[in-house]
Each structure stands twice: as structure tokens, then as C-alpha cells.
Peer 1: 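Sharing a structure here in C-alpha cells format.
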Amino acid sequence: MPAYAIREWRQEEKPKALPEQIIETIDSCEDAAKTAKSRLKKFLAEMGIQDILEMDYPLRKAYQNYLFSACQIQSADRYLLAYDRTKQADIRRRMKTLAGKNQCRWRLEETILFLPYHPDQELAMELDSVRNRSNMVWDFTKPCAWHVKEQVFTTLNEILAITKNPIKRRQRLTGLQYLYDFCTEQEIQDIEDMDLTQEQMFNSYLTEHAPSETYKHQMLAILNLCRKTVFLHNAQINWQANIWYLDGLRIAEHRLNRSSSVTSVSFTEISHKENRRYAKEYMKYQIGVTGQAISTITTRYCLLERFLVRLSEQGQDAASCTTKQIEDYLGELQESGISAKSFNAYISGLNHFFRFLIARNYRGTMPFQPELYQKKIIVKHHDRSVSPEVCEEVLGKLHLLPDHLRCMYLHLWCLGLRISEICTLKGNAYYRQNHDTWIQVYQVKMKNYKRIPIAEGLYRIMEVYIKTHQIGPDDYLFTNKNGGPYRSMTFRHQMKKFCEDHEIDGGDYLFQSHDYRHTVATMLYDNGVSIQGVRDYLGHDYLEMTEQYIDYMPKKIAKENMGFFQKPEHNLAAGLRKKGGRDGK
């Protein structure tokens, strides 16, 4: 039996008189019809209501049943409007005092919450047009785990607080109700602890209940929103959750790449509970102790996750896996055709993980010897510089792009910055010093700052851009729709589409942001800058890395050849004459 049916209407033999306060509040509702007000007064009197605080959703449902059964009224909307307006007027009156705010406080209890009775009446009025929709009613009397109710209530409040678009809000509220009903039906104890199997069950549940496939996909997003909301609202970091969200891990800012699309670490793919526990403890150590960049840690985890998923499919605990199982896994990797560098990365990741298990006493010995499997890496130089012709063609059509993409491209073409560095530039990045113009860049990859000179033209362009868009010193220059730094993947996608749509280089040019880093490095070296100077400009730690950025330069080679052979001692013809003598004798 639904909760609202518990409180049925019944007529008192001698109805109590309504308090004057209730009568005045009902009469003050301007947009309620006179007949609706009269009927409401009669009902409240017959129910013995002495305080508007008693006018909750179950009583509203009882009033609706009363209108249908006792009054033979089929369409009750205008009568329910009088009920809602009375309740809302009383909430607004009480919210003016501290005691009243406490009485109206939005709290989780074993009751039914009705969103139009939210103490924030500005929000309640936004919901007024849909007050009779099912997603306005939240029944917390259901036989569901209390912890899940807390998680649903937290997510409900977050949706109401952050979602301003009515359509988006409706989708999220409905999706959350589906999730709540699913957790009740499946007796889920903790939404943060849901694994891949339960996610798939929720997907199937939506397939059965959602009216269309498109609607189902809209509803699926609620699971991630709920997990993220709960994770971020926990007083302490919940290391036992099956998905960790980076924003809730309290990581030092210099370890994060805000332009990256990686925002979470998921353990749901690892079905074996012990392997999942090992993975969580290992990542907790990586994040909390090592101090490495999060991009490095998450990349390493992706390699490890593949191995643990395979073991889990076999029902094998990583603490007792054998040498043969590791050899079989490495054999599969080799057959997949990955490069020697990538293969060695897998080896290194497994080595690091098993040493962690040994240090934590989960196993006694190493199951394999990494050095026996490592491959020799033959460094192969790839010419990646963008041709001058392509650069000129892009620049010629740059006006077709929005302001922010134009400026971002200019930073690639002029400076050869990493795209992560461009996406995280702030308003205080540019400055003048002794008539020269400079930029200060935080290198996410290197976790330090570098300062390099920039062209006067780029400096002036950015001055105008900053002024036009009213960007503060600590504001990001290029932002996403949420106000955070622009996503590097978004920039790449948009520039690829731009080059395809405008057939750059006849449609054959494939835009890759990192190619411009090679272009600038090659151009600098080609114009006489020492390789040490190029290294400092790019921000590398080692010359070997810088050498990989300097591409084949036929013009420079030809120039050096000409200079070499112009010297008398290197002249080939002179050498031949000298060697052969007169008449070749």
C-alpha cells in the first residue's frame, strides 16, 4: 500500500472550528478560487486540523481522495491549488523567524516530501507548473536501506541547487526516482558500492521502465551524478567507493591537469572483490603518498586495470596468481602488436604493483622477473613538423573560428606550447619587462613554471582578448561551459573538424596539436638557436627529449654543405687536381 493511502479521509462527528490563523491564510491566497477555499476550509475542519504545519503531502493526498469520493469531483487541480497556496503562504510566513525556519527545515525523515513545499519558496515557485508530476513526490517511507535514502536525499538537494534548466532538472529528478526505485527493489545497501553487474541491472531496469531508448540514455547519467555528488559530500574521503572523483580527493593543484577529461578513477570493471580491494589500496598509496602527477598515476592504473580484469574473469586472486598466468597475459599483449615502449610500461606497472602487494604482506614473493621480459626500445625519430604551407592556409582561414579558438591556435603556432598549458593559462600569464613581452606558463607535465619571450603581436592580441572578455588575473583565459579550464580533447576535436570542413591541404591535413611543438623546436634550431636553448624554451629536463623534437631540415643541411665545400681544403675538384697532377700523372 502506498504511503499516501495510509492516511484516509474520514468525517468527524463534530468538526472542530478552524483556528483564525488558518482561515486568514486561506483567504489571503489570491489565485485560488472562492469555492476552492470554502471546500478546503470544510475539509480541514472535518479533519480536525489546528495548525498548517499538519498540512503535509499525505493529507494533500487524502484531500484529493475526499474530492473524488465524497464530492464527486473528477478534476481536482483548482482545489489542490488552494491547498498548495495555503501551505506555501504559511511557509513564507514562518521563514521570516528563526523558530519558523527550524519548523520548515528541509530534512530527511521517514515521511513523504513534496518539492513545492520546499522552504526555498523561490525554488518552489519554479516547480509550481509541474507540481502534480510524480517526480515532485519523494516517498522516504519505502522499505529501502537508510544509507541509500541519505544518498538519494543528498543528490536530490544537489539537483535542486545546481540544475536551473527546467528540462534538465525534470530529467534528473525522474532519473533519480528510477534509481531510488531500483535500489529499493534490488535491496541495494550503498550506491557507491554498486559494481558493474549492478550497473548493468540498472540499465536493464531502465529498458523495461523508460518510454524510449533516448529517454533511457538520459536517465542513465543519474547514476554517475549520484555517485559523484555523494562522494564529494562525504565528510571524509570514502576510499571504499567503487568510483573516486578527483575533485573529492583533496589533491594538490600542481599535481592536476585541469584540461584533462579524466575526472575519476573507476574500479567497477574489476569483478573479483579482493582484486578490487588491492587496486583501491594501491591507488590510495599512489595518490596519497607518491606525490606524482595524477595523469601519470591514472595512466599507470589503466595498464594495471586490464590485468586485474583478466584475472577477475578467471576467478583468480592477484595475491596468489602464478608465473604462467602472467606469462599468458604478457603473451596476449605481444600478440596485440603494441610497441616495445608500451609493452615495457605494462611490465613496469606489474612490477610496481606486485612489489606493493609484497610490502603489504598480501603475497610473499614476486611471481615473475620483469627484466626477463623487457624489450629493447629502438628510438625512431618521426618528422612531425607542420609545413609552412599548411600553417599559412590555417592562418588565412583563422577568422572563421571563434575568438577563443583563434587565440588558442596562435599559442600553438607562435610558441609551441603543450595544449594542456594553453588550456590552463590565466589572465596574469602575460607581462612586460624591459620593453620585452613575456608569458609565464605552468607546465602540468613537469609540475613547474617556465617563462619565455613572446611576440609583441601576440601580446597585444591577448591584451584585447582579456579586456574584451573581462578576465581577471586568476581567471582561466579559455573556459568550458562549467567555468573550468577548456578541455584539451574538446579543442582537438573542434580543430580537426575545422580543418576537415575547410579542406586544409586539400582535405589531407590531420590536425594534431603536438605537431606544432615540433614545428617551433625545428624552426628555432634551424635559425641558429642552440639545442640547449631549444631545450630551455620547450621546458625539457633532458637534451635527448629535445632531440626528438627537431625534425629533418634539408635547407639547413644544404646551407651547411655549401659552406663546408666552399672552403679550399674541402673543395672536391681541387682535391682531384692535387691528387692526379698534370695529365692525371
Peer 1: Please check this pair: side chain of N242 against backbone of F267, looking for a donor-acceptor N/O pair closer than 3.5 Å.
Peer 2: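 No, because the side chain of N242 does not come within donor-acceptor range (under 3.5 Å) of the backbone of F267.
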Peer 1: Are H352 and S348 close enough that some pair of their side-chain heavy atoms sits under 4.5 Å apart?
Peer 2: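 No; the side chains remain at least 4.5 Å from each other.
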Peer 1: CD/Q198 to CD1/I191 distance, rounded to the nearest 0.5 angstrom?
Peer 2: 10.5 Å
Peer 1: Going from SG on C302 to CD1 on I297, what distance comes out if it is rounded to the nearest 0.5 angstrom?
Peer 2: 12.0 Å
Peer 1: Taking NZ, NE, NH1 and NH2 as the nitrogens, is one of them in E213 or K216 under 4.0 Å from a carboxylate oxygen of the other?
Peer 2: yes
Peer 1: Between the side chain of R535 and the main-chain N/O of L543, is any donor-acceptor distance below 3.5 Å?
Peer 2: no
Peer 1: Specify whether H514 and H518 have parallel, tilted or perpendicular ring planes, treating 30° as the upper limit for parallel and 60° as the lower limit for perpendicular.
Peer 2: perpendicular
Peer 1: Test your reading of the model: is there a side-chain donor-acceptor pair from T522 to the backbone of Y549, 3.5 Å cut-off?
Peer 2: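 Yes; judged by distance alone, with no hydrogens or angles, the pair exists.
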Peer 1: Any donor-acceptor pair under 3.5 Å linking the side-chain atoms of S212 with those of T214?
Peer 2: no
Peer 1: Counting C-beta onward and ignoring hydrogens, is there a side-chain heavy-atom pair between N234 and E192 closer than 4.5 Å?
Peer 2: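 SC-SC contact between N234 and E192 confirmed.
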Peer 1: Parallel, tilted or perpendicular for W239 and W244, by the 30°/60° rule?
Peer 2: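 W239 and W244: perpendicular rings.
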Peer 1: State the SG-OH distance between C321 and Y329, to the nearest 0.5 angstrom.
Peer 2: 11.5 Å
Peer 1: If we ignore angles and hydrogens, is there a donor and acceptor under 3.5 Å between the side chains of R360 and Y285?
Peer 2: no
Peer 1: Is I237 close to F231 at the side-chain level, that is, under 4.5 Å between some pair of heavy atoms?
Peer 2: yes
Peer 1: Side chains of Y509 and E393, heavy atoms from C-beta outward: is any pair under 4.5 Å?
Peer 2: no
Peer 1: Less than 6.0 Å separating the ring centroids of Y301 and Y282?
Peer 2: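 Judged by ring-centre distance (under 6.0 Å), Y301 and Y282 do not meet the cut-off.
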Peer 1: Around H254, counting heavy atoms of other residues, nucleotides and ligands shown, do more than 12 lie under 6.0 Å from its NE2?
Peer 2: yes
Peer 1: Are any of the side-chain nitrogens in D193 or K273 under 4.0 Å away from the carboxylate oxygens of its partner?
Peer 2: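 Salt bridge flag = no for K273 with D193.
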Peer 1: Going by atom types alone, do Q440 and N428 pair a side-chain donor with an acceptor below 3.5 Å?
Peer 2: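 On atom types as modelled, these side chains do not qualify, holding no pair under 3.5 Å.
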Peer 1: Donor-acceptor pair, distance only, cut-off 3.5 Å: does the side chain of N480 make one with the backbone of N482?
Peer 2: yes
Peer 1: CD of E327 to CG of L330: how many Å apart, nearest 0.5 Å?
Peer 2: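 If I round to the nearest 0.5 Å, the distance is 8.0 Å.
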Peer 1: For atom CG of L372, is the number of surrounding heavy atoms from other residues, nucleotides or ligands below 6.0 Å larger than 12?
Peer 2: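 More than 12 heavy atoms, drawn from other residues, nucleotides or ligands, come within 6.0 Å of this atom.
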Peer 1: Angle class for the F307/F354 ring planes (parallel below 30°, perpendicular above 60°, tilted otherwise)?
Peer 2: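 Answer is perpendicular, since the angle exceeds 60°.
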Peer 1: Keeping Y178 on the side-chain end and F202 on the backbone end, is there a donor-acceptor pair under 3.5 Å?
Peer 2: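 A pair under 3.5 Å: no.
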Peer 1: Hey, is the main chain of V230 close enough, under 3.5 Å, to the side chain of T154 for a donor-acceptor pair?
Peer 2: no
Peer 1: Quick one, V262 with I294, criterion side-chain contact (heavy atoms from CB on, under 4.5 Å). Give me CA distance, side-chain angles, the key distance, then yes/no.
Peer 2: CA-CA 9 Å; V262 178; I294 297 303; over 6 Å; no
Peer 1: In this structure, which one of Y465, F491, Y486, Y409 forms a ring-ring contact (aromatic ring centres under 6.0 Å, His included) with F478?
Peer 2: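 Among Y465, F491, Y486, Y409, the one that satisfies the ring-ring contact (aromatic ring centres under 6.0 Å, His included) with F478 is Y465.
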Peer 1: Do H209 and F182 have ring centroids that are under 6.0 Å from one another?
Peer 2: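 No.
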Peer 1: Just by modelled atom types, is the Y537 backbone N or O under 3.5 Å from a matching donor or acceptor in the K450 side chain?
Peer 2: yes
Peer 1: Less than 6.0 angstrom from the centroid, inside 45 degrees of the normal: does R227 satisfy that with respect to the ring of Y245?
Peer 2: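 The answer is no, since R227 fails at least one limit relative to Y245.
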Peer 1: Under the 3.5 angstrom rule, does the side chain of T323 hit a backbone N or O of P367 as a donor-acceptor pair?
Peer 2: yes
Peer 1: With side chain to side chain donor-acceptor pair (under 3.5 Å) as the criterion, how do Y205 and Q186 come out once you've worked through the C-alpha distance, each side chain's angles and the decisive distance to 0.1 Å?
Peer 2: CA-CA 10 Å; Y205 179 87; Q186 296 297 322; over 6 Å; no
Peer 1: Please report the closest heavy-atom contact between L401 and L405, naming both atoms and the distance.
Peer 2: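 Taking every non-hydrogen atom into account, CD2-CD1, 3.9 Å.
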Peer 1: Can you confirm whether K168 is buried at NZ, in the sense that more than 12 heavy atoms of other residues, nucleotides or ligands lie under 6.0 Å from that atom?
Peer 2: no
Peer 1: State, yes or no, whether a side-chain contact exists between Q548 and E544 at a heavy-atom distance under 4.5 Å.
Peer 2: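 With C-beta onward as the side chain, the pair stays apart.
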Peer 1: To the nearest 0.5 Å, tell me how far R487 CZ sits from S260 OG.
Peer 2: 7.0 Å
Peer 1: Show the numbers, then the answer: is there a side-chain contact (heavy atoms from CB on, under 4.5 Å) between T263 and D247?
Peer 2: CA-CA 7 Å; T263 58; D247 286 344; over 6 Å; no
Peer 1: Other residues, nucleotides and ligands only: do more than 12 of their heavy atoms fall within 6.0 Å of NZ on K149?
Peer 2: yes
Peer 1: Salt bridge check: are E274 and R277 linked by an N-O gap of less than 4.0 Å?
Peer 2: yes
Peer 1: Look up atom CG in L206 and atom CG in L223, then write down how far apart they are to the nearest 0.5 Å.
Peer 2: 9.5 Å
Peer 1: Between C407 and I461, is there a side-chain heavy-atom distance shorter than 4.5 Å?
Peer 2: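 Yes, side chains in contact.
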Peer 1: Heavy atoms, side chains only, cut-off 4.5 Å: are M462 and I439 in contact?
Peer 2: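 They are not in contact (no side-chain heavy atoms under 4.5 Å apart), so the answer is no.
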Peer 1: Going by an N to O cut-off under 4.0 Å, is there a salt bridge joining E500 and K496?
Peer 2: no
Peer 1: With heavy-atom distances below 4.5 Å as the criterion, would you say the side chains of I504 and V390 are in contact?
Peer 2: yes
Peer 1: Please assess Q325 against Q316 for the test side chain to side chain donor-acceptor pair (under 3.5 Å), listing each intermediate value before the final yes or no.
Peer 2: CA-CA 9 Å; Q325 287 175 314; Q316 177 65 55; 3.2 Å; yes
Peer 1: When you measure from the side chain of Y430 to the backbone N and O of L458, does any donor-acceptor pair fall under 3.5 Å?
Peer 2: no
Peer 1: Please answer whether the main-chain N or O of G416 pairs with a side-chain N or O of R517 as donor and acceptor at a distance below 3.5 Å.
Peer 2: yes
Peer 1: Counting neighbours of CD on E371 that are heavy atoms of other residues, nucleotides or ligands and sit closer than 6.0 Å, is the number greater than 12?
Peer 2: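 Enclosed.
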Peer 1: After noting the C-alpha distance and the side-chain angles of S312 and N275, does the key distance pass the side chain to side chain donor-acceptor pair (under 3.5 Å) rule?
Peer 2: CA-CA 7 Å; S312 298; N275 290 341; 3.3 Å; yes
